[in-house]
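Just so we're clear, the structure is a prediction, and the values are computed from it rather than from any experiment. Chain letters run A, B, ... following the sequence lines, proteins first, then strands; residues in each count from 1.
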There are 2 protein chains.
Amino acid sequence: MKLSNSSQYAIRILTYITIQNESLINAFKLSQTLQIPYKFLTKIMTALVKADLVESTRGREGGFRLKKEASKIKVDDILNIFNDNMKKEECLLGIGQCDTHCKCALHDQWMEPKLLLQKMFRESNLEAISKKATKV
Amino acid sequence: MKLSNSSQYAIRILTYITIQNESLINAFKLSQTLQIPYKFLTKIMTALVKADLVESTRGREGGFRLKKEASKIKVDDILNIFNDNMKKEECLLGIGQCDTHCKCALHDQWMEPKLLLQKMFRESNLEAISKKATKV
DNA sequence: AATTAATACCACCTTTAAGTAGTAATTAAA
DNA sequence: TTTAATTACTACTTAAAGGTGGTATTAATT
Ligand code: SF4
Ligand code: SF4
C-alpha cells in the first residue's frame, strides 16, 4: 500500500524544483538536498525529461528546470510515468472487472478511499502542493 | 498502490472459507475455486496456520478451517501477517516522521484516505465482509 | 584547443516478491 | 498393513524493483 520509490522521489524532486524556482538545478544538488542516491536520481531525471515535465541543459553549468508552469503539472502526470497512478478500475483484491452487483468482499469499503486518492492525484498540481510543503 | 499478492489471496481464501462454512476445505479445492497457484496457496495457508487464524488437519480427508469465529478475525490481522497493513505512521512520500507543522507536499490530502483505509482494515471482520461479497 | 562540469545512455548488480519443485510427515480408508 | 490423500518443510527459480558503474556526449570556462 505504497507508491514506488521512483514515484516518491519524483514528487519530492519536482516539489523542490518548484519551491526553489531557480533557473537551473543540477542533479548533484538535488541528490544532496533530497538524500536520493545520485545515480538513481539521474535515472529518474531522464524519465522526467522524456515525459516532458522537465527540460535539461547539458554540459557545464547545466541542470534541470520545469518545462511547463507548475500549475499545469499534476501529481497524476508524475505517477503515470512510473505506472503508479490510481486507475479507474484499480482493484484491491485482484479479481478485477466488478461492479456494484458483482463485487468482492471489500468493494464497498474500498470505493471511498480509492476515489479520494484518485482525486488527490488528479487534482493536485505542483504549484498548489509545493506551497503546502514544510519539508521535502 | 496495492496490496501484495499474498495479502490479496489470503483475504479471498479466508472469505471463501467463511462463506462455505464447511468442516474442512482442502488446498486443492481452494486453489481450483479461487484460481490461485497451488504451491503458492499452500505456502500462504501455512502462514495463516502459524498466525493462528486457521487450523489444519493433516492426512487423508484433511484440510483447513477457521480457528476463531469469523467475527473475531479482522482484515488487519490478515494484512499483518504479510506486513501489508496500514500503519499509523504510514508514509506516502517516504520522508517519515512528520506532523501538522512539519509535513510533506501531500500530507494534507493523504490523511483522509489513509484514515479510511486504516478504518477499513481495522474494523472489517470476516463475518461482515463475507456477507457482502458476491464473488471471491 | 584543452579542461571541466554537467546530462544521457547502456549494462550490470542486489534485493525482494512471486512462484515452483520435491520430499517428509500425517492420517483415513482400503 | 499398505495405499492414497492430505498438510508441512526446505530449497530453489523467476521476475520486477531498486540501485550502481562506466563511458559517451555536450557546453561553458580557461
Ligand atoms: S470489487 Fe473488489 S475485486 Fe472487484 S474490482 Fe473492485 S476491488 Fe477489485
Ligand atoms: S507528511 Fe508526508 S512524508 Fe511525512 S509522514 Fe506524512 S506522508 Fe510521509
Residue A:S6, side-chain atoms from C-beta onward, closest of D:dG19, D:dG18, C:dT20: D:dG18

Closer to the 5' end of DNA chain C via nearest nucleotide, is it A:K50 or A:E61? A:E61

Less than 3.5 Å between a donor and an acceptor, one on the side chain of A:K43 and one on the base of D:dG19, is that the case here? yes

Please report, rounded to the nearest Å, how far the C1' atom of D:dT20 is from the CG atom of A:L41. 14 Å

Without decimals, in angstroms, what is the distance between A:M45 CE and C:dA5 P? 21 Å

Is there a side-chain contact between A:M120 and B:L92 in this structure, where contact means two heavy atoms from C-beta onward sitting under 4.5 Å apart? yes

Specify the separation, in whole Å, of atom CZ of B:R65 and atom P of D:dT7. 13 Å

From CZ of B:F40 across to P of C:dA21 the rounded distance in Å is 14 Å

What's the closest nucleotide to the side chain of B:V49 if the choices are C:dT7, D:dA8, D:dG18? D:dA8

Side-chain N or O of A:T46 versus OP1/OP2 of C:dA8: is the shortest distance under 4.0 Å? yes

If you compare every side-chain N and O of B:T42 against the phosphate oxygens of D:dA8 (OP1, OP2), does one of them come in below 4.0 Å? no

Give the rounded distance in Å between these two atoms: CD of A:E55 and C1' of C:dT7. 14 Å

By nearest-heavy-atom nucleotide on DNA chain D, the more 5' of A:K39 and A:R60 is A:K39

Within-4.5 Å side-chain heavy-atom neighbours: B:E112 and A:K119: no

Between D:dT7 (C1') and B:I17 (CD1): distance, integer Å: 13 Å

What is the nucleic acid contact for A:F82, judged by heavy atoms within less than 4.0 Å: base, sugar-phosphate only, or nothing? nothing

Verify the contact: side-chain N or O of A:N5 to OP1 or OP2 of D:dG19, cut-off strictly under 4.0 Å; return yes or no. yes

With rounding to the nearest 0.5 angstrom, report the CG to OG1 distance, B:D99 to A:T134. 8.0 Å

What's the CG-C1' distance between B:D84 and C:dT16, to the nearest Å? 13 Å

Contacts of B:Q109 meeting side-chain hydrogen bond (donor to acceptor under 3.5 Å, both in side chains) (sequence neighbours excluded), chain-then-number -> A:S124

I'd like to know if B:R58 reaches the base of D:dT6 with its side chain such that a donor and an acceptor end up less than 3.5 angstrom apart. no

Which residue lies toward the 5' end of DNA chain D, B:T57 or A:Y38, if each is placed at its nearest nucleotide? B:T57

Atom CD1 of A:I44 and atom P of C:dT7 are separated, to the nearest Å, by 14 Å

Summary of ring pair (Phe, Tyr, Trp, His ring centres under 6.0 Å) pairs that have at least one residue in residues 35-83 of chain B, sequence neighbours excluded: B:Y9-B:F40

